[in-house]
Chemist: 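Below: one structure in structure tokens.
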2 protein chains.
Amino acid sequence: MSSAQNAIERFSRYQRQLGGDQSAHCAVRDVLDRIGDKWSMLMIMELATRSQRFSELHRAIPDISKRMLTQTLRDLERDGLITRHVFPTRPPTVEYRLAPLGQSLLDPMAALIDWADRRYSDIHAARVRFDGAPGDVPR
Amino acid sequence: MSSAQNAIERFSRYQRQLGGDQSAHCAVRDVLDRIGDKWSMLMIMELATRSQRFSELHRAIPDISKRMLTQTLRDLERDGLITRHVFPTRPPTVEYRLAPLGQSLLDPMAALIDWADRRYSDIHAARVRFDGAPGDVPR
DNA sequence: CTGGATCCAACCAGATACTG
DNA sequence: CAGTATCTGGTTGGATCCAG
């Protein structure tokens with residue numbers, strides 16, 4: 001509760017600082033744009049389990065295209081969350097590992113996943129209620 | 001650390017359960033799709049500070065279009081994270097409030113925001129390093 | 001095996017105008 | 001005030017082919 005309060009107050013300060021100019025850099029938004037995309041958190045969780053190669057990751061998460069896999073890994077590497085290790089073998093071997101910065105993200109992410117896990121039934125129930133209510137369409 | 005480990009293990013189980021069929025419902029993904037979008041967390045933080053009306057929210061977050069504001073609020077309401085209260089005045093008054101379910105999200109979100117806040121400089125440094133390294137383009 | 005490059009379709013989201 | 005409706009450009013992301 002107190003930690004949430006702190007965050008809220010800090011956020012309020014952000015908002016006031018930014019004033020009307022929201023185009024200014026906002027750490028929270030910047031970070032959210034990264035970890036909020038479709039695949040980043042999945043990647044991080046996957047690499048938290050163990051370091052993996054490109055094709056291993058692709059097998060672990062089949063419904064991502066090579067294109068997006070490459071792009072997501074690049075972005076995560078760019079942000080220093082993961083590292084890329086190339087071994088000059090034939091054929092080439094590339095292993096991706098969670099960097100310390102990525103490790104430090106695990107705890108906050110775990111809190112979120114925990115929440116998702118515990119509250120999902122509530123969310124689902126709310127959706128059913130919402131979708132059923134407006135027209136009450138039995139069809 | 002231990003909480004992260006728990007989450008990782010739970011996640012691993014998810015992955016194994018799903019097997020190849022990733023289209024199956026995944027609570028984590030489902031939730032991330034919601035809170036991961038561009039505006040949802042911003043809305044929640046804003047409503048955590050205090051309940052607000054439509055136009056107040058629009059003023060607080062100017063760079064969202066009315067269209068997206070409406071849509072985001074609808075989605076959050078649908079998921080039971082916020083509630084919508086209409087007062088039959090002229091002109092109409094609509095107030096949005098954080099629901100208990102939304103309140104319960106504040107702590108995990110705070111953890112994430114805290115992380116973003118503390119690690120942003122590291123991320124930024126990593127980006128500069130990454131962008132500078134490849135071509136070393138001084139131009 | 002690990003990607004890069006290109007083409008293209010689908011969806012997203014902003015701008016604008018309109019309504020109760 | 002609190003939205004809805006429509007149009008449209010821009011981005012996203014899948015499919016495919018190619019390369020080291």
Side-chain angles (χ1 to χ4, degrees), chain A residues 20-23 29-30 32-43 46-47 50-78 82-97 130 133-135, chain B residues 20-23 29-30 32-43 46-47 50-78 82-97 130-131 133-135 137:
Chain A
D21 182 22
Q22 294 271 343
S23 64
R29 279 222 219 171
D30 209 7
L32 279 182
D33 278 354
R34 168 101 355 274
I35 68 114
D37 77 44
K38 201 173 179 182
W39 305 110
S40 293
M41 273 189 75
L42 229 40
M43 286 290 138
E46 198 57 47
L47 290 176
R50 60 192 169 85
S51 298
Q52 289 181 62
R53 298 173 53 185
F54 186 87
S55 46
E56 288 179 305
L57 286 169
H58 205 182
R59 272 190 294 276
I61 307 172
D63 55 345
I64 188 177
S65 66
K66 279 193 303 182
R67 189 185 197 280
M68 280 300 100
L69 182 55
T70 302
Q71 196 175 102
T72 304
L73 289 169
R74 274 263 183 288
D75 289 342
L76 290 174
E77 186 196 0
R78 183 171 113 97
I82 67 175
T83 55
R84 183 171 179 270
H85 305 267
V86 184
F87 302 99
T89 56
R90 272 305 307 252
T93 300
V94 181
E95 188 175 273
Y96 294 92
R97 299 174 193 163
F130 187 88
Chain B
D21 182 20
Q22 294 272 343
S23 63
R29 279 223 218 169
D30 209 6
L32 279 181
D33 279 353
R34 170 102 354 274
I35 69 116
D37 78 46
K38 201 174 181 184
W39 306 111
S40 293
M41 272 189 76
L42 229 39
M43 285 291 135
E46 197 56 49
L47 290 176
R50 59 191 170 87
S51 297
Q52 289 181 63
R53 297 171 55 184
F54 186 88
S55 47
E56 287 179 306
L57 286 169
H58 205 183
R59 272 190 294 276
I61 307 171
D63 54 345
I64 188 176
S65 64
K66 280 193 303 183
R67 189 187 196 282
M68 280 299 101
L69 181 55
T70 302
Q71 196 174 103
T72 304
L73 289 170
R74 276 262 184 291
D75 289 342
L76 291 174
E77 186 197 359
R78 183 172 111 99
I82 67 175
T83 53
R84 183 172 179 269
H85 305 267
V86 184
F87 302 100
T89 56
R90 271 302 311 248
T93 300
V94 180
E95 189 176 271
Y96 293 91
R97 300 173 191 162
F130 187 89
D131 294 343
V137 267

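No experiment lies behind these values; they were computed from the predicted model shown. In the text below, chain A, chain B and the rest are named by the order of the sequence lines, each starting its count at 1.
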Chemist: Output the rounded distance in Å from CD (B/Q71) to C1' (D/dA2).
Modeler: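 Going from B/Q71 (CD) to D/dA2 (C1'), I get 16 Å.
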Chemist: Return the nearest nucleotide to the side chain of A/M68; candidates are D/dG13, C/dA13, C/dG3.
Modeler: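 Among D/dG13, C/dA13, C/dG3, the one nearest the side chain of A/M68 is D/dG13.
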Chemist: To the nearest angstrom, how far is B/D63 atom CG from C/dA15 atom P?
Modeler: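 From B/D63 CG to C/dA15 P: 10 Å.
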Chemist: Quickly work out the A/R67 CZ to C/dC7 C1' distance and round it to whole Å.
Modeler: 10 Å
Chemist: So if I take every side-chain heavy atom of A/R53 and compare against C/dG3, C/dC1, D/dA2, which nucleotide ends up nearest?
Modeler: C/dC1
Chemist: Taking only the side-chain heavy atoms of A/P92 (C-beta and beyond), determine which of C/dG14, C/dG3, D/dG20 contains the nearest atom.
Modeler: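 Looking only at heavy atoms from C-beta outward on A/P92, the closest nucleotide is D/dG20.
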Chemist: Which whole-number value in Å describes the distance from B/L57 CG to D/dA2 P?
Modeler: 9 Å
Chemist: Figure out the CG/P separation between B/D33 and D/dG13, and round it to whole Å.
Modeler: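 Rounding to the nearest Å, CG of B/D33 and P of D/dG13 are 11 Å apart.
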Chemist: Quickly work out the A/D37 CG to C/dC12 P distance and round it to whole Å.
Modeler: 15 Å
Chemist: Could you give the CG-to-P distance, from B/L73 to C/dA13, as a whole number of Å?
Modeler: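 Atom-to-atom, B/L73 to C/dA13, this comes out as 14 Å.
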Chemist: May I ask you to test the A/M43-A/I61 pair for a side-chain heavy-atom distance under 4.5 Å?
Modeler: yes
Chemist: Return the value, rounded to whole Å, for the distance between atom CD1 of B/I64 and atom C1' of C/dA13.
Modeler: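 Between C1' of C/dA13 and CD1 of B/I64: 10 Å.
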Chemist: With sugar-phosphate meaning primed atoms plus P, OP1 and OP2, does A/K38 contact a base, only sugar-phosphate, or nothing at under 4.0 Å between heavy atoms?
Modeler: nothing
Chemist: Between C/dT2, C/dG20, D/dG3, spot the one nearest the side chain of B/R84, thanks.
Modeler: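 Minimum distance to the B/R84 side chain belongs to D/dG3.
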